[in-house]
Visitor: 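Take this structure, written in structure tokens, and hold onto it; I'll ask about it next.
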Amino acid sequence: MIVYVVNLDRAEQRMARMQALLEARGLVWRRIPAVDGRALSDETLDEWSIRHGDGERLLSPGEIGCLLSHREAWRLIVDSNEPGIVIEDDLHLSADAHELMSAAAWLPADADLVKIETTGKTVAVDRRWITAGAGHHLVRLRGAHLGTGGYIVTPGAARRLLMTITRCDRAIDHLLFDPQSPIFHSLVTYQLNPALCIQDQFLTRDRAGLDGEIERSWAIHKAPMPLHRKRARELRRLGQQIRAAIAGMPFGSVRNCRIPFPADRP
């Protein structure tokens, strides 16, 4: 499989680091020049983000740039007609990452997306698992596992995503990896366990200082939320927690677990 690396032009050191990691593992890669959201026109930003009632865009310029960057990777995967791996340039790779990233034979026939990263947080997955090889297994992802640091996408899924995702009301990771998104339920998404990669910001030790480049919209727009919206949000969260708790009971088909990242990375 080709590894598509999303990287801003100004982040040359990040790209040099990722190039060294990938080539040390003998992986085929291609750089995706990332879209700098801060350089986009207002017209382009409005084309891709819905606005709040107060006129503010739901997505930040950085989130829109991230979306457009990943869309370019999806387009190339469609053109290649082969599954591809999309990664961002702040990853750490496990020592055995090349064993699964070099070929697609282990992918389930019904897979649309396979998340190969972890954030270290608890996620909901199926109890049933299938062997992926090299000491890893695959489980269906049933709960939110945000981030787009590393995932595999099939050509068919990439084609559908390009057609489906237009003007957005949420960031790309929420679109793909959050059950609150209708798109999540239209895809068959697996989680690889243990993970092959992790973004620097989620490491608990030995970080490389690769802070995220994207400002989240919720961190920019800090206007007080109306009371009725707060109540609705809390009710949704409570419902999700209750469903997750029930699903995670011994008799349920779903379990809650942390996806580990091997500590033996080079």
Side-chain angles (χ1 to χ4, degrees), residues 1-49 57 59-93 97-98 101-102 113 115-117 146-155 157-168 170-177 196-201 208-217 220:
M1 288 185 286
I2 298 176
V3 181
Y4 298 90
V5 187
V6 177
N7 167 255
L8 286 164
D9 288 343
R10 62 174 177 269
E12 295 179 358
Q13 291 185 338
R14 287 186 177 218
M15 189 63 248
R17 174 183 168 276
M18 287 307 307
Q19 179 177 350
L21 289 176
L22 294 168
E23 293 183 352
R25 291 163 174 77
L27 295 170
V28 179
W29 62 276
R30 176 170 179 172
R31 178 177 176 268
I32 303 294
V35 176
D36 187 348
R38 293 178 294 183
L40 296 175
S41 67
D42 283 340
E43 290 77 9
T44 300
L45 294 174
D46 284 337
E47 179 183 351
W48 291 100
S49 176
R57 294 186 191 92
L59 272 65
S60 71
E63 289 170 332
I64 295 171
C66 182
L67 169 64
L68 296 179
S69 303
H70 283 256
R71 282 181 62 89
E72 176 60 15
W74 301 340
R75 185 187 67 77
L76 292 173
I77 289 169
V78 169
D79 290 345
S80 75
N81 201 33
E82 294 181 353
I85 306 171
V86 184
I87 68 171
E88 297 178 354
D89 63 6
D90 57 348
L91 285 185
H92 297 266
L93 298 176
H98 61 284
M101 292 174 70
S102 59
L113 302 177
K115 197 168 179 69
I116 62 172
E117 70 172 324
L146 302 182
T148 50
Y151 61 97
I152 298 169
V153 57
T154 65
R159 186 177 294 107
R160 297 205 311 274
L161 291 173
L162 288 169
M163 294 175 59
T164 304
I165 298 177
T166 53
R167 198 160 179 250
C168 300
R170 65 197 79 195
I172 180 176
D173 55 339
H174 287 266
L175 287 168
L176 300 182
F177 302 117
L196 299 179
C197 54
I198 188 170
Q199 289 183 293
D200 190 65
Q201 62 181 307
L210 305 174
D211 293 330
E213 291 274 356
I214 299 172
E215 282 187 300
R216 292 290 197 172
S217 60
I220 298 173

Visitor: Evaluate the side-chain contact (heavy atoms from CB on, under 4.5 Å) criterion for residues R75 and E72: first the C-alpha distance (whole Å), next the side-chain angles of each, then the deciding distance (0.1 Å), finally the verdict.
Guide: CA-CA 5 Å; R75 185 187 67 77; E72 176 60 15; 2.6 Å; yes
Visitor: Heavy-atom distance under 4.5 Å between the side chains of V6 and T148, does that happen here?
Guide: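 SC-SC contact between V6 and T148 ruled out.
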Visitor: Answer yes or no: is there a donor N or O on one side and an acceptor on the other, between the side chain of R17 and the main chain of L91, under 3.5 Å?
Guide: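 Yes; at least one donor-acceptor contact below 3.5 Å.
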Visitor: Any side-chain heavy-atom pair from R57 and D42 closer than 4.5 angstrom?
Guide: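 Yes, close enough: below the 4.5 Å cut-off.
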Visitor: Any idea how H70 and Y151 line up, ring-wise: parallel (<30°), tilted (30 to 60°), or perpendicular (>60°)?
Guide: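 The arrangement is parallel - the two ring planes meet at less than 30°.
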Visitor: Work out which heavy atom in V78 is nearest to a heavy atom in A158; give both atom names and the distance.
Guide: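 Result for this residue pair: CG2-CB, 3.7 Å.
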Visitor: Rounded to the nearest 0.5 Å, how far does CZ of R170 lie from CG of L146?
Guide: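 Separation between the atoms: 11.0 Å.
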Visitor: Any chance you could measure E63, atom CD, to C168, atom SG, to the nearest 0.5 Å?
Guide: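 Here the rounded value is 10.0 Å.
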Visitor: With side chains defined as the heavy atoms from C-beta onward, is the minimum distance between V35 and L67 less than 4.5 Å?
Guide: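 V35 vs L67: side chains apart.
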Visitor: Where do G150 and C197 come nearest, in terms of heavy atoms and distance?
Guide: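 For G150 versus C197, the nearest heavy atoms are CA-SG, 4.1 Å.
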Visitor: Salt bridge (Lys or Arg N to Asp or Glu O under 4.0 Å) for K115 and D173? Distances and angles first, verdict last.
Guide: CA-CA 11 Å; K115 197 168 179 69; D173 55 339; over 6 Å; no
Visitor: Please find the pair of heavy atoms, one from L161 and one from R71, that lie closest to each other, and give the distance.
Guide: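 Closest approach of L161 to R71: O-NH1, 4.1 Å.
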Visitor: Determine whether Y4 and V153 satisfy the following criterion, side-chain contact (heavy atoms from CB on, under 4.5 Å), listing intermediate values before the conclusion.
Guide: CA-CA 11 Å; Y4 298 90; V153 57; over 6 Å; no
Visitor: Between CG of D36 and CD1 of I64, what distance do you get to the nearest 0.5 Å?
Guide: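 Answer rounded to 0.5 Å: 12.0 Å.
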Visitor: Checking N7 side chain against D89 main chain: does a donor-acceptor pair fall under 3.5 Å?
Guide: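 Such a contact is absent between N7 side chain and D89 backbone.
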Visitor: Using every non-hydrogen atom in the two residues, find where A34 and S69 come nearest and quote the distance to one decimal.
Guide: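 So the minimum-distance heavy-atom pair works out to CA-OG, 3.3 Å.
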Visitor: Which atom names give the shortest non-hydrogen contact between D90 and Q199, and what distance separates them?
Guide: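 Between these two residues, the closest heavy atoms are OD1-NE2, 3.1 Å.
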Visitor: Would I85 and L27 satisfy side-chain contact (heavy atoms from CB on, under 4.5 Å), going step by step from the backbone distance to the final call?
Guide: CA-CA 11 Å; I85 306 171; L27 295 170; over 6 Å; no
Visitor: Distance from E117 atom CD to I87 atom CD1, nearest 0.5 Å?
Guide: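 Result: 10.5 Å between the selected atoms.
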Visitor: Would you confirm whether S49, through its side chain, and L45, through its main-chain N or O, come within 3.5 Å as a donor-acceptor pair?
Guide: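 No, the answer is negative, given that no donor and acceptor are paired below the 3.5 Å cut-off.
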Visitor: Would a distance-only check, ignoring hydrogens and angles, find a side-chain to backbone donor-acceptor pair under 3.5 Å from R167 to D46?
Guide: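 Present.
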Visitor: How close do A73 and V86 get, heavy atom to heavy atom, and via which atoms?
Guide: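 Minimum heavy-atom contact is CB-CG2, 3.9 Å.
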Visitor: I'd like to know whether CZ of R30 has more than 12 heavy-atom contacts from other residues, nucleotides or ligands below 6.0 angstrom.
Guide: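 Not more than 12 within 6.0 Å, no.
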Visitor: Using the side-chain contact (heavy atoms from CB on, under 4.5 Å) rule, take E82 and I2 through it: C-alpha gap first, then chi angles, then the decisive distance, then the call.
Guide: CA-CA 9 Å; E82 294 181 353; I2 298 176; 5.7 Å; no
Visitor: Whether the side chain of R31 engages the backbone of Q19 through a donor-acceptor N/O pair (distance < 3.5 Å, no angle test) should be reported.
Guide: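 Absent.
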Visitor: What's the separation between atom SG in C66 and atom CD in E88, rounded to the nearest 0.5 Å?
Guide: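 Reported to 0.5 Å precision, the distance equals 5.0 Å.
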Visitor: So, taking the atom named CD1 in I165 and the one named CG in L175, what distance separates them when rounded to the nearest 0.5 Å?
Guide: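 CG of L175 is found 5.0 Å from CD1 of I165.
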